[in-house]
Amino acid sequence: MSIFQIPLKYKPGEFPFHEIDADEGECLTLDYDNEYQLLTYNVPLYGGEARLYTVPRELMPGALTAAYDSNGDIEKVVLSGTRLLYIYYKNVMVPERVILKYVKAEADRVSDAIMKRKQTLARIFIEKFYDGEAVDIAAKTATTEEVQAVIDEYDKEPTAADNSGNFPLENRNGLACETLGVMLMCADGLLRNRLFDKAVETFAERVRSRVLKKGEFTEDFRFIVEEYD
């Protein structure tokens with residue numbers, strides 16, 4: 001195990017790990033397991049343990065960067081400039097705003113990917129999963145031909161076409177879920193399930209609105225939100 005400390009209060013700006021002096025004040029303590037490439041920390045302010053998997057050992061801690069606002073309060077910690085490891089919320093009102101802004105942007109990206117295929121769609125599924133740690137939100141599509149193939153495969157059972165798991169993974173466009181997972185882990189534990197539900201609702205509404213406005217659909221088209229386990 002290795003331990004890396006990043007102050008919660010520092011100078012305004014963005015700093016690579018090797019430039020940060022962690023000798024004074026309260027710190028975000030990152031515990032890193034070199035064998036399993038697992039990063040854990042106790043979430044400041046709200047408590048609970050955050051865990052991030054497959055954090056490459058060769059990047060730790062050199063690729064860590066911490067950003068601080070104009071008051072010197074920590075804003076976030078990232079790896080290699082893009083992978084979010086920690087985000088600080090000043091109060092319980094902030095996480096929803098931050099999360100929904102992120103989800104809307106991801107929904108726009110997924111919607112654009114769906115529309116670029118220029119397919120006539122019979123189904124759009126919004127798949128969701130959250131167990132308090134792992135999180136997943138994605139859109140999966142199906143054409144008339146794909147729907148009929150599933151119905152035929154399941155002995156002419158039409159309800160089989162309403163199960164997203166019966167369609168290929170190639171039809172799936174997912175939200176960048178690790179970032180959302182970090183955002184949820186860093187929020188108040190009592191709010192995380194509600195924030196996830198709001199994220200799913202926002203993602204689904206955004207995809208529905210954008211794709212249905214410009215896409216082509218069959219007469220029996222269905223938009224289905226479902227949880228998987």
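Start at 1 with the first residue, then count along the sequence.
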**Request:** Establish whether Phe129 and Val207 are linked, either directly or via other cluster members, by ILVMFWY side-chain heavy-atom contacts under 4.5 Å.
**Result:** no
**Listed once per pair and sorted, the ring-ring contact (aromatic ring centres under 6.0 Å, His included) pairs that draw on residues 147-201, sequence neighbours left out** = Phe125-Phe167, Tyr130-Phe196
**Message:** Closer than 4.0 angstrom, basic N to acidic O: yes or no for Arg208 and Glu205?
**Reply:** no
**Asked** Once you round to the nearest 0.5 Å, how far does CG of Leu180 lie from CG of Asp136?
**Response** 10.0 Å
**Asked** Crowded around Lys90 NZ? As in, over 12 foreign heavy atoms under 6.0 Å?
**Response** yes
**Asked** Could you give the distance from CD (Glu19) to NZ (Lys11), rounded to the nearest 0.5 Å?
**Response** 8.0 Å
**Request:** Can you see which heavy atom on Cys186 is nearest to which on Tyr46, and at what distance?
**Result:** O-CD1, 3.3 Å
**Asked** In Å, rounded to the nearest 0.5 Å, how long is the span from CZ of Arg206 to CD1 of Ile126?
**Response** 13.5 Å
**Message:** Exactly one of Thr40, Ile6, Val55 should register a side-chain contact (heavy atoms from CB on, under 4.5 Å) with Leu30. Which one does?
**Reply:** Ile6
**Prompt:** What class does the angle between the rings of Tyr68 and Tyr10 fall in, given that below 30° is parallel, 30 to 60° is tilted and above 60° is perpendicular?
**Reply:** tilted
**Asked** Should we count CZ of Arg172 as having more than 12 external heavy atoms under 6.0 Å?
**Response** yes
**Request:** Answer whether the closest heavy-atom distance between the side chains of Pro95 and Leu191 falls below 4.5 Å.
**Result:** no
**Asked** Would Ile3 end up clustered with Val77 when hydrophobic side chains under 4.5 Å apart are linked, directly or stepwise?
**Response** no
**Message:** Are the side chains of Thr120 and Thr143 in contact, using a 4.5 Å heavy-atom criterion?
**Reply:** no
**Item:** Any side-chain heavy-atom pair of Leu64 and Leu85 under 4.5 Å
**Value:** yes
**Request:** Of all the heavy-atom pairs spanning Phe217 and Ile124, show the shortest one and how long it is.
**Result:** CE2-CD1, 4.2 Å
**Item:** Chi angles and distances behind the side-chain contact (heavy atoms from CB on, under 4.5 Å) call for Thr82, Val78
**Value:** CA-CA 6 Å; Thr82 56; Val78 299; over 6 Å; no
**Asked** With sequence neighbours left out, which residue pairs that include part of residues 69-123 fulfil the ring-ring contact (aromatic ring centres under 6.0 Å, His included) condition?
**Response** Tyr41-Tyr86
**Request:** Can you measure from NZ (Lys104) to OG (Ser111) and round to the nearest 0.5 angstrom?
**Result:** 13.5 Å
**Request:** Please list, chain by chain and in numerical order, all residues satisfying side-chain hydrogen bond (donor to acceptor under 3.5 Å, both in side chains) with Glu96, sequence neighbours excluded.
**Result:** Arg194
**Asked** Just wondering, do Val200 and Glu227 contact through their side chains at under 4.5 Å, heavy atoms?
**Response** no
**Request:** Would you name the heavy atoms of Pro12 and Ser70 that are closest together and state the gap between them?
**Result:** CG-O, 3.4 Å
**Message:** As an exercise, state the distance from OG1 of Thr54 to CD of Gln37, rounded to the nearest 0.5 Å.
**Reply:** 7.0 Å
**Item:** Among Val150, Val147, Ile224, side-chain contact (heavy atoms from CB on, under 4.5 Å) partner for Asp162
**Value:** Ile224
**Message:** Looking at every non-hydrogen atom in both residues, tell me the closest pair between Phe223 and Ala204 and how far apart they are.
**Reply:** CZ-O, 3.5 Å
**Prompt:** So with a 6.0 Å cut-off around CE of Met93, is the heavy-atom count from everything else above 12?
**Reply:** no
**Item:** Closest contact, heavy atoms only, Pro56 versus Arg83
**Value:** CD-NH1, 4.0 Å
**Message:** Measuring only between side-chain heavy atoms, which start at C-beta, is Asp220 closer than 4.5 Å to Arg123?
**Reply:** yes
**Joint cluster assignment, Leu45 & Leu8, ILVMFWY side-chain distance < 4.5 Å** = yes
**Donor-acceptor pair, side chain of Tyr36 and main chain of Tyr53, under 3.5 angstrom** = no
**Prompt:** Judged by atom type as modelled, is there a donor-acceptor pair below 3.5 Å linking the side chain of Glu226 to the main-chain atoms of Ser164?
**Reply:** yes
**Message:** Apply side-chain contact (heavy atoms from CB on, under 4.5 Å) to residues Asp197 and Glu201 and explain how you reach the verdict.
**Reply:** CA-CA 6 Å; Asp197 290 341; Glu201 178 185 331; over 6 Å; no
**Prompt:** Cluster question for you: counting only ILVMFWY and a side-chain heavy-atom cut-off of under 4.5 Å, with indirect links fine, are Phe17 and Met60 together?
**Reply:** yes
**Request:** Among Asp73, Asp21, Asp69, find the one that has a salt bridge (Lys or Arg N to Asp or Glu O under 4.0 Å) with Lys9.
**Result:** Asp73
**Asked** Would you say Val110 and Leu175 make side-chain contact, with heavy atoms under 4.5 Å?
**Response** no
**Item:** Joint cluster assignment, Leu59 & Leu38, ILVMFWY side-chain distance < 4.5 Å
**Value:** no
**Request:** Mind jotting down which residue pairs meet the salt bridge (Lys or Arg N to Asp or Glu O under 4.0 Å) criterion with at least one end in residues 145-155? Sequence neighbours excluded, please.
**Result:** Asp152-Lys156
**Prompt:** Distance-only, no hydrogens or angles: does the Asn42 side chain make a donor-acceptor pair with backbone N or O of Gly47 under 3.5 Å?
**Reply:** no
**Item:** Test item: Pro44 and Leu28 side chains (from C-beta on) under 4.5 Å apart, heavy atoms
**Value:** yes
**Request:** Report the C-alpha distance between Leu39 and Leu79 in whole Å, list the side-chain angles of each, state the deciding distance to 0.1 Å, and finish with yes or no for side-chain contact (heavy atoms from CB on, under 4.5 Å).
**Result:** CA-CA 11 Å; Leu39 181 73; Leu79 186 71; over 6 Å; no
**Prompt:** Can you list every salt bridge (Lys or Arg N to Asp or Glu O under 4.0 Å) pair that touches residues 46-58, not counting sequence neighbours?
**Reply:** Arg51-Glu133
**Item:** Smallest separation among heavy atoms of Ile20 and Ala66, with atom names
**Value:** CD1-CB, 3.8 Å
**Asked** Just how far is it from atom CG of Leu195 to atom CD1 of Ile99, taken to the nearest 0.5 Å?
**Response** 4.5 Å
**Request:** Could you pull out all residues at least two apart from Asp112 that satisfy salt bridge (charged side-chain N to carboxylate O under 4.0 Å, His left out)?
**Result:** Arg210
**Worked check of side-chain contact (heavy atoms from CB on, under 4.5 Å) between Arg117 and Asn173** = CA-CA 12 Å; Arg117 296 176 187 162; Asn173 286 276; 2.5 Å; yes
**Asked** Is there a donor-acceptor pair closer than 3.5 Å between any side-chain N or O of Gln119 and the backbone N or O of Leu121?
**Response** no
**Sidechain-backbone polar pair: Arg192 side chain, Ala187 backbone, donor-acceptor under 3.5 Å** = yes
